[in-house]
Amino acid sequence: MNKKDFDNALRQEVYDLLDMAAALAEQDDGDLRMALSTPELFASRKAILTGCGDSYCAALAARPVFEKLGHIGTSALPAIEAARHLDSGVLGGEPHNPLLYCISVSGTVSRMIEIAKRGNETGVGAHTVAVTGNPDSPLAQECQTTMAVPMPPYTNNFDEHSPGLRSYYASIYALMTSAIRMGEVKMHYPMSQAGQYRKDIVDYIESYKDCIDAMDEQMFALAEEWKDIDSFEFVAAGDDMVTAWFDSAKIYEATGDVCTYENVEDWCHINFFARDYKGIATVLIAEKNNPAMPRIIEAAGVMARIGRPCIVFTDADESLFPAGMKVCKLPSAAHSWITPAGNYIPFALFAGYLAKFKNVGMFRQGMEAFAVQDGNKIKTSKIEIV
């Protein structure tokens with residue numbers, strides 16, 4: 001078997017991301033940091049981050065950074081919740097409150113335009129911010145401020161659409177940069193520390209260069225071993241749930257297999273009882289400083305005892321987990337809050353290889369039922385203010 005025959009667009013995107021991080025920072029840092037003025041950052045007492053798909057996951061990844069470094073109460077809401085269910089009173093009443101970050105790489109997603117319109121219609125109230133790769137998009141035109149994240153050029157050799165990694169990282173980096181800037185202007189730390197925080201994010205992504213080839217080999221072997229499994233479960237706790245969510249999305253996009261994600265405590269209460277326990281590939285995600293680590297280690301022991309096929313993605317010592325359990329060792333970030341910006345990288349390699357082993361097109365390319373352009377209508381759904 002020639003591993004080169006299983007190369008794929010998602011794998012190529014992983015390798016490119018390791019170079020893109022520094023290029024993105026160099027290209028966009030100043031514009032991202034200064035998109036919101038000092039008075040706007042000072043005046044805001046709360047923030048709402050919203051998106052759908054990967055953009056919602058980017059909101060989840062950045063939320064703790066706004067709270068920890070920006071010292072501002074922050075919510076991360078799915079687009080449909082923000083657009084159709086958020087009480088209007090939350091959006092109005094005080095100047096620049098909340099800061100409403102609307103995240104969409106394309107800037108054309110209906111629900112994002114909808115929530116931006118809702119925010120702008122409050123008059124005195126929400127300050128709408130488009131976080132987008134398209135500064136000329138309808139979303140950017142609707143919002144009061146645009147944080148433009150045009151990504152450095154990238155060309156791969158595959159005629160297939162890859163599940164987004166570069167765009168996901170770019171959205172996370174833009175949001176984290178804004179949160180870091182907020183803490184800086186509020187004088188919680190000096191400009192030099194803010195610069196170091198941004199550098200720490202890039203350094204974390206670049207640290208994968210030292211281990212990416214070994215990860216690539218490990219994920220190829222795992223994909224071959226698990227190629228006949230069609231059910232996946234992702235288990236984590238706290239900030240690591242972001243990556244459980246994102247990894248499950250990559251499985252749907254890359255292979256179309258059924259998957260779910262659950263926090264470790266509720267897994268022990270509910271998912272533990274799944275009948276086909278030997279047919280569910282189970283992925284644990286555990287950053288070494290996660291306060292739930294002891295519970296995660298307990299759950300890993302349970303998974304091993306009942307015979308679940310399992311792998312742990314962690315920067316913790318491998319000896320913490322049951323003997324014989326598969327472990328993918330991750331680099332450690334300078335700060336735990338950085339980890340969601342990159343700890344999905346090895347699993348993306350796995351998802352790309354798994355699609356090749358299963359001989360399925362990413363995003364169901366080649367399947368008639370999915371061939372209708374914009375068949376899921378995320379960009380053509382009617383915009384309504386309710």
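Just so you know, these numbers come straight off a predicted model, no measurement behind them.
Atom CD of E26 has 12 or fewer heavy atoms from other residues, nucleotides or ligands within 6.0 Å.
Scanning both residues, A341 and I201, for their nearest heavy atoms gives CB-CG2, 4.4 Å. The nearest pair of heavy atoms linking V14 to A348 is CG2-CB, 3.8 Å. Shown here for Y169 and A21, the closest heavy-atom pair between the two residues is OH-CB, 3.7 Å. Summarising the geometry of A76 relative to Y56, their closest heavy-atom pair is O-CE1, 3.8 Å, with the distance given to 0.1 Å. Pairing each heavy atom of S248 with each of W245, the nearest pair is OG-O, 2.7 Å. Smallest separation of non-hydrogen atoms from S44 and L99: OG-CG, 3.1 Å.
Comment: D257 engages K358 in a salt bridge, judged by a side-chain N to carboxylate O separation of less than 4.0 angstrom. Using a 4.0 Å cut-off between charged side-chain N and carboxylate O, R33 and E184 make no salt bridge. Ion pair K250/D54 flagged as a salt bridge, since at least one NZ, NE, NH1 or NH2 atom sits closer than 4.0 Å to an Asp/Glu carboxylate oxygen.
Listed by chain and residue number, nothing satisfies the salt bridge (charged side-chain N to carboxylate O under 4.0 Å, His left out) test with E224 (two or more places apart in sequence, or in another chain). Contacts of K117 classified as side-chain hydrogen bond (donor to acceptor under 3.5 Å, both in side chains), with partners at least two apart in sequence or in another chain: E142. Under the rule for a side-chain hydrogen bond (donor to acceptor under 3.5 Å, both in side chains), the partners of W267 that lie at least two apart in sequence or sit in another chain are E233. Evaluation of the side-chain hydrogen bond (donor to acceptor under 3.5 Å, both in side chains) rule for T50 yields no partner, not counting sequence neighbours. Checked against salt bridge (charged side-chain N to carboxylate O under 4.0 Å, His left out), R295 has the following partners two or more places apart in sequence or in another chain: E265, E298. By the salt bridge (charged side-chain N to carboxylate O under 4.0 Å, His left out) test, R364 is found to be paired with no residue, residues two or more places apart in sequence or in another chain being considered. Under the rule for a salt bridge (charged side-chain N to carboxylate O under 4.0 Å, His left out), the partners of E217 that lie at least two apart in sequence or sit in another chain are K3. For Y197, the side-chain hydrogen bond (donor to acceptor under 3.5 Å, both in side chains) criterion is met by no residue, not counting sequence neighbours.
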Can S381 and R111 be said to form a side chain to side chain donor-acceptor pair (under 3.5 Å), step by step?
CA-CA 8 Å; S381 178; R111 294 293 82 73; 2.9 Å; yes
Using the side chain to side chain donor-acceptor pair (under 3.5 Å) rule, take Y204 and N343 through it: C-alpha gap first, then chi angles, then the decisive distance, then the call.
CA-CA 9 Å; Y204 176 56; N343 63 350; 5.4 Å; no
Go through the steps to decide whether T128 and Y101 satisfy the test side chain to side chain donor-acceptor pair (under 3.5 Å), and finish with yes or no.
CA-CA 6 Å; T128 51; Y101 290 81; over 6 Å; no
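One distance of note links CD1 of I48 with CD of E81; it measures 12.0 Å at 0.5 Å rounding. Summarising the geometry, atom CD1 belonging to I115 is positioned 10.5 Å from atom CD1 belonging to I80; distances are rounded to the nearest 0.5 Å. Rounding to the nearest 0.5 angstrom, the gap separating the CG atom in N134 from the OG atom in S106 is 7.5 Å. Once rounded to the nearest 0.5 Å, the distance linking CG of D266 with CG of N263 reads 4.0 Å. Between I113 atom CD1 and C102 atom SG the span is 10.0 Å, to the nearest 0.5 Å.
Remark: the backbone N or O of L77 is not paired with any side-chain donor or acceptor of S75 at under 3.5 angstrom. Listed for the E40 side chain is a donor-acceptor partner under 3.5 Å among the backbone atoms of S37. With hydrogens and angles disregarded, no donor-acceptor distance shorter than 3.5 Å links the side chain of S231 to the backbone of I229. Here the side chain of T339 pairs a donor or acceptor atom with the backbone of S336 at under 3.5 angstrom.
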Report, one line per pair, each donor and acceptor closer than 3.5 Å where one atom sits in a side chain of residues 86-98; sequence neighbours left out.
from: D87; atom 1: OD1; to: G89; atom 2: N; distance (Å): 2.7
from: S88; atom 1: OG; to: R118; atom 2: NH2; distance (Å): 2.9
from: E94; atom 1: OE1; to: R45; atom 2: NE; distance (Å): 3.1
from: E94; atom 1: OE1; to: R45; atom 2: NH2; distance (Å): 3.1
from: E94; atom 1: OE2; to: R45; atom 2: NH2; distance (Å): 2.5
from: H96; atom 1: ND1; to: H127; atom 2: ND1; distance (Å): 3.2
from: N97; atom 1: OD1; to: R45; atom 2: N; distance (Å): 2.6
from: N97; atom 1: OD1; to: K46; atom 2: N; distance (Å): 3.3
from: N97; atom 1: ND2; to: A43; atom 2: O; distance (Å): 3.2
from: N97; atom 1: ND2; to: P95; atom 2: O; distance (Å): 3.4

Would you give me the side-chain donor-acceptor pairs under 3.5 Å for residues 58-68, sequence neighbours excluded?
from: R63; atom 1: NH1; to: E67; atom 2: OE1; distance (Å): 2.9
from: E67; atom 1: OE2; to: T74; atom 2: N; distance (Å): 3.2

Atom pairs and distances, side-chain donor-acceptor, residues 318-330, under 3.5 Å, sequence neighbours left out:
from: S319; atom 1: OG; to: D317; atom 2: OD1; distance (Å): 2.8
from: K326; atom 1: NZ; to: E225; atom 2: OE1; distance (Å): 3.3
from: K326; atom 1: NZ; to: E225; atom 2: OE2; distance (Å): 3.0

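Residues C259 and Y252 have side chains in contact (heavy-atom distance under 4.5 Å, counting atoms from C-beta outward). Looking at heavy atoms from C-beta onward, P152 lies in side-chain contact with L24 at the 4.5 angstrom threshold. Taking the side chain as every heavy atom from C-beta outward, S178 and L36 approach each other to under 4.5 Å. Contact annotation: the side chain of I251 approaches that of F347 to within less than 4.5 Å [non-hydrogen atoms, C-beta and beyond]. Side-chain contact between V302 and C268: absent, with no pair of heavy atoms (C-beta onward) separated by less than 4.5 Å. Within the 4.5 Å cutoff, side-chain heavy atoms of V202 are placed close to those of Y173. Counting only heavy atoms from C-beta outward, the side chains of F313 and V283 approach each other to under 4.5 Å. Annotation: side chain of K4 is not in contact with side chain of D7 (no heavy-atom distance under 4.5 Å).
Residue pairs meeting the ring pair (Phe, Tyr, Trp, His ring centres under 6.0 Å) criterion with at least one partner in residues 4-27, sequence neighbours excluded, are F6-F220, F6-F357.
The aromatic rings of H335 and W337 sit parallel to each other, their planes meeting at less than 30°, with 60° as the upper class boundary.
Screening I103, T145, L139 for a side chain to side chain contact (heavy atoms under 4.5 Å, CB included) with V131, the sole residue that qualifies is I103.
Side chains of Y353 and R11: a donor on one and an acceptor on the other come within 3.5 Å.
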